[in-house]
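Okay, so here's the structure we're looking at.
One-based numbering along the sequence shown. Every number for a ligand or one of its atoms is a count from 1 in the order of the listing. Source: prediction; values computed, not measured. Atoms considered below: every heavy atom in the structure, side chains included; atoms not considered: hydrogens, waters and symmetry mates.
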Amino acid sequence: MKSIAIDGPAGAGKSTIAKGVAKNIGFIYVDTGALYRSIGYFVQLNGKDPKDPEQVVPLLDGIKIELKYENGVQKVYLNGEDVSEKIRTPQLSMYASNVSAIPKVREFLFDLQRNLAKTQNVIMDGRDIGTVVLPDADIKIFLTASVEERARRRYKELAEKDESVRYEDVLEEMKQRDYNDMHRDIAPLRQADDALLVDTTENNLEESIEILTKIVKERL
Ligand code: DC
């Protein structure tokens with residue numbers, strides 16, 4: 001089986017770009033952030049503090065997460081409920097970032113991610129795919145863009161649903177999440193030594209998909 005690892009900070013366009021590339025080359029796209037978000041959602045439902053391992057870890061026994069593919073689209077099920085849409089809120093981004101710093105949470109999700117890559121050709125995105133989850137991936141890409149540009153993209157997306165969103169707040173939250181994800185003790189976000197750096201600050205999504213598809217086709 002072939003695997004492609006895409007890591008990078010929030011808002012770099014990883015999921016949209018990876019999805020586009022997966023379609024172009026006929027691979028399954030795996031969004032690992034959705035797994036951390038689902039755990040964050042469960043922690044929120046139970047009214048617990050996502051930063052406190054003593055509150056989060058006991059909840060893991062009551063969590064069953066499954067990834068299913070419906071018409072090629074990834075759906076994430078938490079204890080039998082499709083939570084794919086619900087987990088896409090700014091609050092749950094932060095919950096996910098917080099629970100992801102807890103070693104037991106990362107351990108809990110490790111086999112699920114690994115096993116997916118054993119049975120099919122995958123393009124998997126996250127923070128630690130090239131460094132920890134799939135260290136032997138055939139291709140590793142570190143996808144990034146300036147924090148201002150990433151915040152602008154996220155702001156545009158959010159402002160379509162909610163007019164009261166402020167760019168300054170989105171930028172601040174993006175910086176906070178970058179800091180969290182890069183400075184945690186376990187599996188922090190970093191570029192793997194053998195990953196190719198791709199900066200999409202100056203590219204729109206179509207251009208980025210085209211650039212990555214070309215890189216991937218050349219290297220596979
Ligand atoms: O990719 P995303 O924004 O949906 O991810 C949400 C959070 O989950 C992110 O801020 C950090 C965490 N995460 C992680 O620690 N490792 C991964 N492989 C994917 C996500």
Review point. Taking atom types as modelled, is there a side-chain donor on Y155 or R166 under 3.5 Å from an acceptor on the other?
Key: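 Note: Y155 and R166 side chains miss the donor-acceptor criterion.
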Check your understanding: Just checking, is any N or O donor in the side chain of S100 or R184 under 3.5 Å from an acceptor N or O on the other one?
Key ->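 Yes, side-chain donor-acceptor contact under 3.5 Å.
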Check your understanding: Would S97 and D181 count as a side-chain hydrogen bond (donor to acceptor under 3.5 Å, both in side chains) if you check the C-alpha gap in whole Å, the side-chain angles of each, and the deciding distance to 0.1 Å?
Key -> CA-CA 7 Å; S97 182; D181 294 349; 2.8 Å; yes
**Study point:** Qualifying residue for salt bridge (Lys or Arg N to Asp or Glu O under 4.0 Å) with D178, from R190, R150, R127
**Key:**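 The option that passes is R150.
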Review point. For L143, which fellow cluster members are found when Ile, Leu, Val, Met, Phe, Trp and Tyr are connected by side-chain heavy-atom distances below 4.5 angstrom, either directly or through intermediates?
Key: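 Traced through the cluster, L143 reaches I4, I6, I17, V21, I25, F27, Y29, I123, I139, I141, L196, V198, L205, I209, I211, L212, I215, V216, L220.
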Check your understanding: So which residues, sorted by chain and number, lie with a heavy atom under 4.0 Å of ligand 1?
Key ->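 The answer is T32, G33, Y36, R37, A96, S97, S100, R106, G126, R127, D128, I129, R177, D181, R184, counting any residue whose heavy atom sits under 4.0 Å from ligand 1.
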**Study point:** Cationic N near anionic O, under 4.0 Å, E81 to K86
**Key:**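 The answer is yes: the pair qualifies as a salt bridge.
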